[in-house]
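Each remark here refers to the structure printed beneath this line.
Only this structure's heavy atoms are used, side chains among them; waters, hydrogens and symmetry mates stay out.
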Amino acid sequence: MSRYTITVTGTVTGKVRSDPDAVIGYDPPLRTYFLQAFPHEETDEPALWLGTADRAFEALEDLRHAAISQGYDVMPLPPELAAKLVDDKAASSGRPERDAILGELLKHLNQPK
């Protein structure tokens, strides 16, 4: 799994906030880009946590649009970081596909209740 520190801005509570310690990366087992920002002071769970389901965000632009839809933004990513993220995804493409049983279990676990 790749992890890179970036700054995420958000206007969720009516004021502009910034998290300079947000994390973006690629998760090979889930085959998705992910983004975490604004950890809660007590639980440490991020207020923004995208990319927790199988193939949730197969393109960086999809991840950005999801962040924007929730009142956050991560762009512009530095070109070298965007290239690293794309390379991380490409490097993991040689991984074998999940077998049918595990894939079905993960789909079931990731469905909303």
Side-chain angles (χ1 to χ4, degrees):
M1 177 182 305
S2 64
R3 297 175 60 87
Y4 304 98
T5 302
I6 62 168
T7 298
V8 172
T9 57
T11 54
V12 174
T13 58
K15 63 179 183 174
V16 177
R17 298 186 317 159
S18 180
D19 182 355
D21 297 316
V23 176
I24 191 170
Y26 186 76
D27 185 340
L30 287 180
R31 297 172 287 189
T32 187
Y33 290 105
F34 68 90
L35 179 64
Q36 298 174 334
F38 301 100
H40 190 275
E41 292 175 9
E42 293 177 15
T43 66
D44 206 31
E45 289 292 317
L48 176 66
W49 193 348
L50 301 172
T52 60
D54 190 39
R55 296 183 187 216
F57 303 103
E58 296 186 56
L60 284 171
E61 196 61 24
D62 296 337
L63 181 65
R64 178 176 184 234
H65 288 301
I68 289 171
S69 74
Q70 294 188 27
Y72 300 94
D73 201 359
V74 298
M75 295 296 191
L77 282 179
E80 58 276 358
L81 177 55
K84 283 181 184 178
L85 287 162
V86 170
D87 288 347
D88 293 342
K89 180 181 178 183
S92 71
S93 67
R95 296 172 59 94
E97 287 290 319
R98 297 173 192 224
D99 63 41
I101 295 171
L102 180 57
E104 289 302 313
L105 175 63
L106 287 172
K107 283 181 195 175
H108 175 72
L109 291 174
N110 287 323
Q111 290 178 351
K113 303 284 183 225

I need the [X] [atom1] to [Y] [atom2] distance, nearest 0.5 Å.
X     : Y     : atom1 : atom2 : value
Thr5  : Gln36 : OG1   : CD    : 11.0 Å
Thr52 : Leu35 : OG1   : CG    : 11.5 Å
Asp62 : Arg55 : CG    : CZ    : 13.5 Å
Phe34 : Leu85 : CZ    : CG    : 8.5 Å
Leu77 : Ile24 : CG    : CD1   : 5.0 Å
Thr32 : Lys89 : OG1   : NZ    : 8.5 Å

Set of residues satisfying side chain to side chain contact (heavy atoms under 4.5 Å, CB included) with respect to [X], sequence neighbours excluded:
X     : answer
Pro76 : none
Glu41 : none
Ser69 : none
Thr9  : Ser18, Asp73

- Got a sec, which residues hit side-chain hydrogen bond (donor to acceptor under 3.5 Å, both in side chains) with Glu61, two or more places apart in sequence or on another chain? His65

- Kindly write out the residues that satisfy side-chain hydrogen bond (donor to acceptor under 3.5 Å, both in side chains) with Asp88, not counting sequence neighbours, or none if the list is empty.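 Only Ser2, Tyr4 meet the side-chain hydrogen bond (donor to acceptor under 3.5 Å, both in side chains) criterion with Asp88.
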
Which heavy atom of [X] sits nearest to which heavy atom of [Y], and what is that distance?
X     : Y     : answer
Pro39 : Asp19 : CD-OD2, 3.5 Å
Pro46 : Ala37 : CB-O, 3.4 Å
Glu58 : Arg31 : CG-O, 4.1 Å
Ala67 : Leu50 : N-CD1, 3.6 Å
Ala22 : Val8  : CB-CG2, 3.3 Å

- Message: Between Leu30 and Val23, is there shared hydrophobic-cluster membership here, with clusters defined by ILVMFWY side-chain heavy atoms closer than 4.5 Å?
- Response: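 In one cluster with Leu30: Val23, no.
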
Quick one, [X] and [Y] - any side-chain contact, counting heavy atoms below 4.5 Å?
X     : Y     : answer
Tyr33 : Val86 : yes
Lys84 : Tyr26 : no
Pro78 : Ile6  : no
Phe57 : Arg64 : no

